[in-house]
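Working notes for the structure below.
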Protein chains: 2
Amino acid sequence: MSTPTPPKPRRGRAYRGVSIEARRAERHQKLLDAGIQVIGSQGYHATTVKAVCAEAGLTERYFYESFSNSEALLCEAYAHIIAQLRERIGTSLSAHQAQPDTLIEAALNSYFTYLRDHPGHARLMMVEVLGVSPTVDQHYRRVMEDFAEFLAATRRGLYPAQDTHGVDEMMIATGLIGALVNMAMRWMLSGFRESPESVVAAARTVLLAVNRHLLEG
Amino acid sequence: MSTPTPPKPRRGRAYRGVSIEARRAERHQKLLDAGIQVIGSQGYHATTVKAVCAEAGLTERYFYESFSNSEALLCEAYAHIIAQLRERIGTSLSAHQAQPDTLIEAALNSYFTYLRDHPGHARLMMVEVLGVSPTVDQHYRRVMEDFAEFLAATRRGLYPAQDTHGVDEMMIATGLIGALVNMAMRWMLSGFRESPESVVAAARTVLLAVNRHLLEG
DNA sequence: TACTTCTGACAACAAGCCATGTCAACATTG
DNA sequence: CAATGTTGACATGGCTTGTTGTCAGAAGTA
């Protein structure tokens with residue numbers, strides 16, 4: 001009965017000086033970045049687990065440690081990109097408070113330059129998320145709705161006493177968001193040839209036009 | 001040497017009273033309709049050759065008689081739908097000549113009611129064609145460009161002497177097309193709950209606003 | 001040092017689907 | 001009637017990929 005008490009290292013221990021949570025988080029981040037990179041360049045349907053792992057410098061097992069499948073990666077990548085974009089727009093807005101014209105200009109500048117500086121992100125958020133599955137479509141729809149709501153709310157903030165003349169504010173905001181998306185898509189698909197200033201100017205024209213129209217009745 | 005001259009029926013003969021061309025065309029049409037149906041309801045990536053053939057009531061061999069692969073079917077289905085939509089808009093336009101307001105109203109009515117009456121077509125042309133392959137993306141881009149060009153040309157026809165104030169007409173038209181698409185998508189994804197009139201009204205507001213803005217400088 | 005966990009490279013298995021092939025039954029022509 | 005084209009049901013091969021498993025070596029712990 002003199003069983004020598006076997007050494008019992010607990011699992012979840014540190015490795016190379018980093019805790020298990022930190023390692024996990026690091027791998028997760030690597031996979032997320034790699035996923036955005038691969039999906040943004042090859043397209044979602046040409047993206048394999050193997051390719052993402054190769055890009056991340058990890059083996060396939062760790063993929064399933066972080067994501068249950070490719071679709072989960074896509075969703076998280078999408079959410080990540082949208083959050084980044086939101087933040088960028090938000091900070092640029094807070095620098096130009098309450099002056100409608102410069103507000104719009106700043107927001108549009110943030111939007112279009114972000115897409116140009118991250119073409120992979122642009123492709124993912126505008127093209128690759130569509131038509132993947134009902135789940136992903138739901139996320140997309142939600143994001144669109146949020147942006148439209150944000151646009152409508154911002155306008156309401158600038159013109160509080162404004163009557164809506166019975167028009168569907170959200171539907172119009174949805175249209176305007178669609179205008180921005182389509183302009184961006186055209187700009188992207190043409191390889192960002194035109195200057196950001198001219199694209200911003202066109203977008204500004206549309207937003208201001210509708211704003212004026214709603215104000216003047 | 002009295003080899004009896006073997007009967008030599010030419011191939012490509014009639015069958016059940018229809019010529020080979022007619023049978024081929026009939027099968028092609030059946031497969032196209034079935035493809036639109038299946039892709040429009042299940043989504044392109046969930047669509048298999050087998051399912052399309054089952055829907056068409058044909059065997060898989062005939063699929064490859066008409067299409068080299070699923071992508072070819074998707075492209076032709078897309079082109080078919082766009083042509084239908086164009087025709088529908090065109091005929092409704094020719095009935096309301098040269099009166100800007102009713103012109104827009106008629107075109108928007110055709111557009112939105114077409115989508116509502118053919119939700120499968122709507123899904124295919126707005127969602128399923130995106131992110132499939134560079135080839136299909138090219139088609140999509142071309143269609144968008146054509147619609148934008150059509151919109152810009154129509155406007156030029158109504159206001160020939162109009163100065164463009166240096167703004168990029170095509171970029172603005174692209175934005176407006178995007179607005180229409182996004183409104184339609186929202187309408188579709190919410191199950192066409194709102195009345196077509198209210199959607200048309202919102203779309204009209206956007207188009208008229210930009211038009212007015214461009215006219216008044 | 002002895003034992004355990006962690007890691008990475010790779011194998012293995014199952015599943016799905018595209019694309020083609022086989023074969024018997026039916027239709028047509030001479 | 002006989003020979004051949006046509007059709008439909010079904011089978012088959014082959015490829016790709018997702019997902020899990022194996023195993024040896026490195027790193028940590030008692």
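Labels below follow one simple rule: chain letters A, B, ... track the order of the sequence lines, proteins then strands, and each chain is numbered from 1.
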Inset, instruction - Assign a letter to each nucleotide of nucleotides 9-21 of chain C from its 5' end: B, base within under 4.0 Å of a protein heavy atom; S, sugar-phosphate only; -, no contact. - result: BB------SSBB-

Contacts of [X] that satisfy side chain to side chain contact (heavy atoms under 4.5 Å, CB included) - sequence neighbours left out:
X	value
B:Ala22	B:Val18, B:Ser19
B:Thr205	A:Val167, A:Ile172, A:His213, A:Leu214
A:Tyr15	A:Arg13, A:Arg23

Inset, instruction - Answer yes or no: side-chain N or O of B:Arg13 and base N or O of C:dT28 forming a donor-acceptor pair under 3.5 Å. - result: no

Legend entry - Candidate nucleotides C:dA27, D:dT7, D:dT6, ranked by approach to the side chain of B:Tyr62 - the nearest: D:dT7

Inset, instruction - Take the protein atom CD1 of B:Ile20 and the nucleotide atom C1' of C:dA27, then report the distance between them rounded to whole Å. - result: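 Between C1' of C:dA27 and CD1 of B:Ile20: 13 Å.
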
Legend entry - Rounded distance in Å - OH (A:Tyr15) to C1' (C:dT5): 8 Å

Inset, instruction - Apply salt bridge (charged side-chain N to carboxylate O under 4.0 Å, His left out) to B:Glu105 and list each qualifying residue two or more places apart in sequence or on a separate chain. - result: B:Arg204

Legend entry - salt bridge (charged side-chain N to carboxylate O under 4.0 Å, His left out) partners for A:Arg186, two or more places apart: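 If we apply the salt bridge (charged side-chain N to carboxylate O under 4.0 Å, His left out) test to A:Arg186, skipping adjacent residues, the hits are A:Glu194, B:Glu145.
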
Legend entry - With A:His118 via ring pair (Phe, Tyr, Trp, His ring centres under 6.0 Å) - residues at least two apart: A:Tyr114, A:His121

Inset, instruction - Check each residue of residues 21-39 of chain A for a non-hydrogen atom within less than 4.0 Å of any atom in DNA chain C, then write out the ones that pass by number, or none. - result: A:Arg23, A:Arg27

Legend entry - N-O pairing of A:Arg142 and A:Asp137 below 4.0 Å: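 No, this pair does not count.
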
For residues 126-133 of chain B, tabulate all N or O donor-acceptor pairs below 3.5 Å that involve a side-chain atom, not counting sequence neighbours.
from, atom 1, to, atom 2, distance (Å)
B:Glu128, OE1, B:Tyr44, N, 2.8
B:Glu128, OE2, B:Arg123, NE, 2.8
B:Glu128, OE2, B:Arg123, NH2, 3.2
B:Ser133, OG, B:Glu71, OE2, 3.0
B:Ser133, OG, B:Thr135, N, 3.3
B:Ser133, OG, B:Val136, N, 3.3

